Amino acid sequence: ETKVIEVDPLNIEEEKIKEAAQAIKEDKTVVFPTETVYGLGANGLSENAVRKIFKAKGRPYDNPLILHVANVRSFLEYTYISYTLLEKIERLLPGPITFVLKKREIVPNIVTAGKDTIALRMPAHPVALKLIEYAEVPIAAPSANVSGKPSPTMAEHVLKDMFGKVDYIIIGGKVEFGVESTIIDLTQGKIPIILRPGPIPPEKLKEIFGDIIIPDFAYGKIEPDYIKSPGMKYRHYAPNTPVILVEHDDVDTMVKKVLEEVKNYNNPIVLCLKEHIGYYKDHNINFDTIGSEANYYEFAVKLFEMLRKYDEKIDAMIIEGIEDKGIGIAVMNRLRKASYKIV
Ligand code: TXA
Ligand code: MG
């Protein structure tokens, strides 16, 4: 039922992408790689096609989708945007960022869950861009995971979650970032608001927009304003095995907290920074590394992979937190939401 196509992103065989693009034109569903996570796509201008996305994912219809486009011109086609604003966002395109803007009539209500705004994104992935170009329509796509599970960053994740539920799966290697795009809302007054932190950090946005609002919920600490981003009310990223997040403090305090948590379980694993191996290796406990203090991008790209790798294999994942800075904000947002307990 599901046809799996493998492509090399560095040497794309056009015919394969054309076949999948034809499926999009026929209102079928296609899983495809992006630079953030894999997406589950369908013709974003067809209500019939978009309905299939919600069904395959088990996603509630009140959670709107991101519309993926292949060029800057599309922002004028699907949103009401001024040229001054377009010039600013152009500096970030293509890239791992999504813009919430006032939508035009042509975008079906099913994509936006009835809202008058649309989340638009131009991904920086050659396979995603080619697929959209050949399909000749924008592609509506959420992350290609079963609703509530960690987003897929590897071929085996999409095969596990989506095989048998979609028409096509394009396998295109590992993703670059591993956390979903930064989402900013450009419809609430003059200053952009970060609705979801991602690979494009606030510092970069400040360079372009001058000022930027980071609400508390963007850190994953408090309940968000449901009206602004309905998707956030659902439990996210959660494996079945409980995640215990140990928030960053000074290293000694953190390690002490980790070791205390370890005692509460029969068969836990500690996921720690590379620099901290020395603290755990002589304690006769299971541990694995999830990135390094020196490079938070590495932590981000391994995050969902680790949550899936150890799910149901052990009885708790005790994870060292990192600082809320740069892409670390996106990592901590996902971890806080995935957590059963934060210490
Ligand atoms: O990196 C990404 O953004 C990936 C790849 C596949 O592009 N996509 C992704 O989609 O993460 P999804 O559906 O898993 O997350 C989209 C988020 C949801 O939380 C949704 O509520 C929010 O975007 N959203 C969509 N439309 C919105 C709108 N008009 N206003 C506010 N939030 C919106
Ligand atoms: Mg998602």
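In each ligand, atom 1 is the first atom listed, and ligand 1 is the first ligand listed. This one's a predicted model, so the numbers in the text were calculated from it and none came from an experiment.
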Trainee: Is the closest basic N to carboxylate O distance between Lys274 and Glu298 below 4.0 Å?
Mentor: yes
Trainee: Polar contacts were defined as any N/O atom of the residue lying under 3.5 Å from an N/O atom of the ligand; does this apply to Thr117 and ligand 1?
Mentor: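 Among all N and O atoms of Thr117, at least one is under 3.5 Å from an N or O of ligand 1.
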Trainee: Should you measure from each heavy atom of Ile183, which atoms of ligand 1 turn up under 4.0 Å away?
Mentor: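 So the answer, numbered in order with elements, is 17 (C), 23 (O).
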Trainee: Please confirm whether Lys115 comes within less than 3.5 Å of ligand 1 when only nitrogen or oxygen atoms on both sides are compared.
Mentor: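 No: no nitrogen or oxygen of Lys115 is under 3.5 Å from one in ligand 1.
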Trainee: Of all heavy-atom pairs between Asn43 and Val50, which one has the smallest distance, and what is that distance?
Mentor: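 That would be O-CG2, 3.4 Å.
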Trainee: For Thr112, is the nearest heavy atom under 4.0 Å from an atom of ligand 1?
Mentor: no
Trainee: Suppose I only count heavy atoms of Leu65 and a 4.0 Å limit; which atoms of ligand 1 are within that range?
Mentor: 25 (C), 26 (N)
Trainee: To the nearest 0.5 Å, what is the distance between NZ on Lys18 and CD on Glu133?
Mentor: 11.0 Å
Trainee: Could you walk me through whether Glu247 and Ile342 pass the side chain to side chain contact (heavy atoms under 4.5 Å, CB included) test, one step at a time?
Mentor: CA-CA 7 Å; Glu247 292 251 2; Ile342 300 174; 3.4 Å; yes
Trainee: Name the one of Asp252, Leu259, Val258 that satisfies side chain to side chain contact (heavy atoms under 4.5 Å, CB included) with Tyr279?
Mentor: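 The single option meeting the side chain to side chain contact (heavy atoms under 4.5 Å, CB included) with Tyr279 is Asp252.
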Trainee: Any idea which atoms of ligand 1 are less than 4.0 Å away from a heavy-atom of Ser143?
Mentor: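 So the atoms of ligand 1 that pass are 8 (N), 9 (C), 10 (O), 12 (P), 14 (O).
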Trainee: Quick check: Glu180 and ligand 1, any N/O pair under 3.5 Å apart?
Mentor: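 The answer is no, given that Glu180 and ligand 1 share no N or O pair closer than 3.5 Å.
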Trainee: May I ask which of Val31, Val37, Ile193, Leu67 has a heavy atom nearer to atom 4 (C) of ligand 1 than the others do?
Mentor: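 It is Val37 whose heavy atom sits nearest to atom 4 (C) of ligand 1.
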Trainee: Once side-chain hydrogen bond (donor to acceptor under 3.5 Å, both in side chains) is applied, do any residues pair with Lys16, and if so which ones, sequence neighbours excluded?
Mentor: Glu13
Trainee: Do the ring planes of Phe287 and Tyr280 sit parallel (below 30°), tilted (30 to 60°) or perpendicular (above 60°)?
Mentor: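 Phe287 vs Tyr280 ring planes: tilted.
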Trainee: Could you pull out the closest heavy-atom pair between Val100 and Thr187, with the gap in Å?
Mentor: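 Heavy atoms of Val100 and Thr187 come nearest at O-CG2, 3.5 Å.
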Trainee: Where is the tightest heavy-atom contact between Val166 and Ala56, given as atom of each residue plus distance?
Mentor: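 Of all heavy-atom pairs spanning Val166 and Ala56, the closest is CG1-CB, 4.2 Å.
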Trainee: Considering only heavy atoms of Ile66, which atoms of ligand 1 have at least one such atom less than 4.0 Å away?
Mentor: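 Under 4.0 Å from Ile66, ligand 1 has these atoms: 3 (O), 8 (N), 9 (C), 10 (O), 16 (C).
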Trainee: Within the structure, does Thr34 bring an N/O atom to less than 3.5 angstrom of an N/O atom in ligand 1?
Mentor: no
Trainee: Measure from the Mg ion (ligand 2) to each N, O or S atom of Ser143 and report whether any distance is below 2.8 Å.
Mentor: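 Of the N, O and S atoms in Ser143, at least one lies under 2.8 Å from the Mg ion (ligand 2), which means yes.
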Trainee: If hydrogens are left out, which of Glu35, Lys57, Lys102, Arg196 has an atom nearest to atom 15 (O) of ligand 1, that is, the closest non-hydrogen atom?
Mentor: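 It is Arg196 that holds the nearest heavy atom.
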Trainee: Just say parallel, tilted or perpendicular for the rings of His68 and Phe32, cut-offs at 30° and 60°.
Mentor: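 Perpendicular.
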Trainee: Identify, by atom number and element, the atoms of ligand 1 in contact range of Leu195, meaning under 4.0 Å from any of its heavy atoms.
Mentor: 31 (C)
Trainee: Within less than 4.0 angstrom of ligand 1, does Lys103 place any heavy atom?
Mentor: no
Trainee: May I ask you to check if ligand 1 and Asn63 share an N or O to N or O distance below 3.5 Å?
Mentor: yes
Trainee: Heavy-atom contacts with Ser181 under 4.0 Å: which atoms of ligand 1 show up? List them by number with element.
Mentor: 1 (O), 2 (C), 3 (O)
